[in-house]
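What you are looking at is a predicted structure, and each value in this text was computed from that prediction instead of being measured.
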Amino acid sequence: SSPPFRGTFHLLAFAPLFLYWRKTENSKNIFISGWIAQFTFTLILLFWIPQSLSNFGIWSLPKNWLLFLTFCTLAHFYLPLVGLLWLWLDKTRNFFILAGLFSFIHFLWPKALDWNFGYQWLWLDWSGAQVAELIGFSGLGFLTVLLNATFTESLDKLINKKILTAGIYALVGILGFLTIQFLGADLLNANLAADSVKVKVLLVQSNIPNELRKNDSNPIFKNLIVNRQIELTDIALKSQDKKPDLIIWPETAVPDFLDPIYQGGILPTRIRKSVKNWEVSLLTGTYSSPDGKKEYNAVAVIDQNGEISQPAYQKNHLMPFGETITVHALSEGEAVKTFRSSNLVIGPLICYEAIFSNHVAALTEANILVNVTNDSWFDKNLEPYQHLNTTRARAIEFRKPLIRVANSGVSAAFDKFGREIISSNLDIDWTGFAEVEVSQPHLTVYAWTLQHFKIYPVLYLIPFLISYLPNFRRGPKGISAANP
């Protein structure tokens, strides 16, 4: 059910494991089966990591595979632990208790990549994905595990020839699924803003080879990279009668510092001259070093007059390994930032920052989100599509249009419902114009929850508590806790 495959398997994905856990009382078997499940899941989902580390120049491919396999042994280690907790805490082996434990511990578990089981709703373009406005995709992941528990209970009853009970559980699961779908469809129709205005944006996907990127400190390569961005932008602008409101270049499209104090430099001056001729503001990935010491992966805006008047945004979440232990290691920024350009209040997101809902929730003033990235390091595999899908999710959670510009693709524009307006293919030079509707920003229920109730996933334990309460009242060995 994950990109690039499409299927509804995620609604029953845990059935084999859950059924096996119910039938065994052996803690060793539960631990081993849970560990194998999490190892296999991580291996299939993230198999692109070793080659990507090699592309970044981190060790050889065999060493990176060894590192990755070590990562797979621990990445979702909470899964066998959940199985053991369920065995020890719940003698009735109730799947709904398991679902609550599973979701709560999944949320608490530290993750290098903030991933959950709700994204499949979006990848499948199900209307239920719109419910993320209320509970986020992490909440949808919780509902997915609950549906797994319901359908697994139905399967278990069917195996034991309890046909009527199996049918009841199946019906409950189907009604639950349809309720999510209908609620999502209703939210889709209820979010039409009367105060929205249309803005036109130019996306520039320059497809710069990594060989140039690795040597972008060389003045010759710097000029080649910038020349390509300017050339593609020139051609695109000449093809249109009406100018866009904003031009967007991808991550580190300008391999130089674009802080206000450096705007008199040779390369910044050249780019500023082009922007002034275009009479359109440019948002671009670049580097920042306002103090001349620390260097940051950054985003900067050059206004339509060719001036750099706003400080650059410095990336807050660095890519593990790729930006931290390479020869050109970067520093981590400390705060989110917005840029203002005509009708736009832009919330910049660099690379995989867009997968962190907590990070995006802080961009309350933004009326549009812009993600600049470079997925060419990951080759042609699942990663560009996984990254695109998880980035797209932020448009729904926060009801803001989202523009994504990637060096080699996939570049795309989405409205505030996560619906695609335009998109590119991988590994091609490409430019595209997108008209998006922006409106006054407002807090969605999910955004408000993240800001005011950061431990809301404790709600995941509700099915655990409801199902476990009878066990507590009975006490050990069937003796009532109220009358020992």
Side-chain angles (χ1 to χ4, degrees), residues 56-58 208 212-223 225-226 229 246-276 281-341 344-354 356 358-360 362-366 369-374 377 405 407:
F56 272 114
I58 301 173
I208 302 296
L212 292 182
R213 295 266 179 200
K214 289 178 180 178
N215 297 282
D216 63 9
S217 59
N218 184 308
I220 295 175
F221 291 132
K222 278 187 180 184
N223 281 294
I225 292 170
V226 170
Q229 319 280 352
L246 181 69
I247 301 164
I248 305 175
W249 289 357
E251 182 181 10
T252 60
V254 177
D256 207 339
F257 301 129
L258 280 186
D259 300 293
I261 61 172
Y262 298 110
Q263 60 184 317
I266 296 174
L267 198 61
T269 298
R270 185 160 167 243
I271 299 168
R272 288 172 51 224
K273 183 178 178 181
S274 294
V275 174
K276 188 175 182 179
S281 295
L282 168 69
L283 181 145
T284 180
T286 183
Y287 293 104
S288 170
S289 183
D291 61 2
K293 297 176 182 178
K294 293 182 178 180
E295 295 185 15
Y296 303 89
N297 189 345
V299 166
V301 168
I302 303 176
D303 66 29
Q304 65 269 27
N305 299 315
E307 298 298 321
I308 307 174
S309 57
Q310 303 179 70
Y313 164 66
Q314 298 160 347
K315 187 177 181 182
N316 289 189
H317 298 274
L318 299 182
M319 179 65 73
F321 301 108
E323 291 180 309
T324 55
I325 64 171
T326 57
V327 174
H328 190 199
L330 298 166
S331 298
E332 191 170 76
E334 297 179 354
V336 299
K337 173 182 173 55
T338 56
F339 294 104
R340 295 185 179 272
S341 178
L344 300 175
V345 182
I346 305 163
L349 303 163
I350 303 175
C351 191
Y352 91 134
E353 285 184 324
F356 296 102
N358 281 316
H359 179 84
V360 180
L363 296 167
T364 53
E365 296 181 356
L369 302 173
V370 174
N371 174 227
V372 295
T373 188
N374 177 16
W377 303 104
V405 179
N407 172 58

query: Taking all atoms of both residues into account, what is the closest heavy-atom pair of I308 and L258, and its distance?
result: CG2-O, 3.4 Å
- request: Identify the two heavy atoms, one from V360 and one from E353, that lie closest to each other, and give their separation to 0.1 Å.
  value: CG2-O, 4.5 Å
message: Once you measure the plane-to-plane angle for F257 and Y287, does it fall in the parallel (<30°), tilted (30-60°) or perpendicular (>60°) bin?
response: perpendicular
- prompt: What distance do L282 atom CG and L246 atom CG have between them, rounded to the nearest 0.5 Å?
  reply: 7.5 Å
query: Taking all non-hydrogen atoms of both residues, which atom of S288 and which atom of D259 are closest, and how far apart?
result: OG-OD1, 2.7 Å
query: Rounded to the nearest 0.5 Å, what separation is found between the OG1 atom of T338 and the CG atom of L344?
result: 11.5 Å
- prompt: Would you call R270 and N223 a side-chain contact if the rule is heavy atoms closer than 4.5 Å?
  reply: yes
query: Under a 4.5 Å cut-off applied to non-hydrogen side-chain atoms, are V299 and F339 in contact?
result: yes
field: Heavy-atom pair with the smallest gap, counting every atom of A253 and V226
entry: O-CG2, 4.3 Å
message: Measuring from atom OG of S341 to atom CD of Q304, what distance do you get when rounded to the nearest 0.5 angstrom?
response: 6.0 Å
task: Write down the atom of K337, the atom of P311, and the distance for their closest heavy-atom approach.
output: CE-O, 2.7 Å
task: Please examine the side chains of Q229 and V254, heavy atoms only from C-beta on, and report whether any two atoms are closer than 4.5 Å.
output: no
- request: Begin from the C-alpha positions of L283 and V405 and carry the test side-chain contact (heavy atoms from CB on, under 4.5 Å) through to its verdict.
  value: CA-CA 11 Å; L283 181 145; V405 179; over 6 Å; no
- prompt: Would you call T284 and V372 a side-chain contact if the rule is heavy atoms closer than 4.5 Å?
  reply: no
task: Check N316 against E332 and note the closest heavy-atom contact, atom names and distance.
output: O-CG, 2.7 Å
message: Atom NZ of residue position K276 - does it have more than 12 heavy atoms of other residues, nucleotides or ligands inside 6.0 Å?
response: no
Residue pair D256, I271: steps toward the side-chain contact (heavy atoms from CB on, under 4.5 Å) verdict: CA-CA 11 Å; D256 207 339; I271 299 168; over 6 Å; no
message: Counting C-beta onward and ignoring hydrogens, is there a side-chain heavy-atom pair between L330 and K315 closer than 4.5 Å?
response: no
Derivation of the side-chain contact (heavy atoms from CB on, under 4.5 Å) call for I350 and Y313: CA-CA 9 Å; I350 303 175; Y313 164 66; 3.8 Å; yes
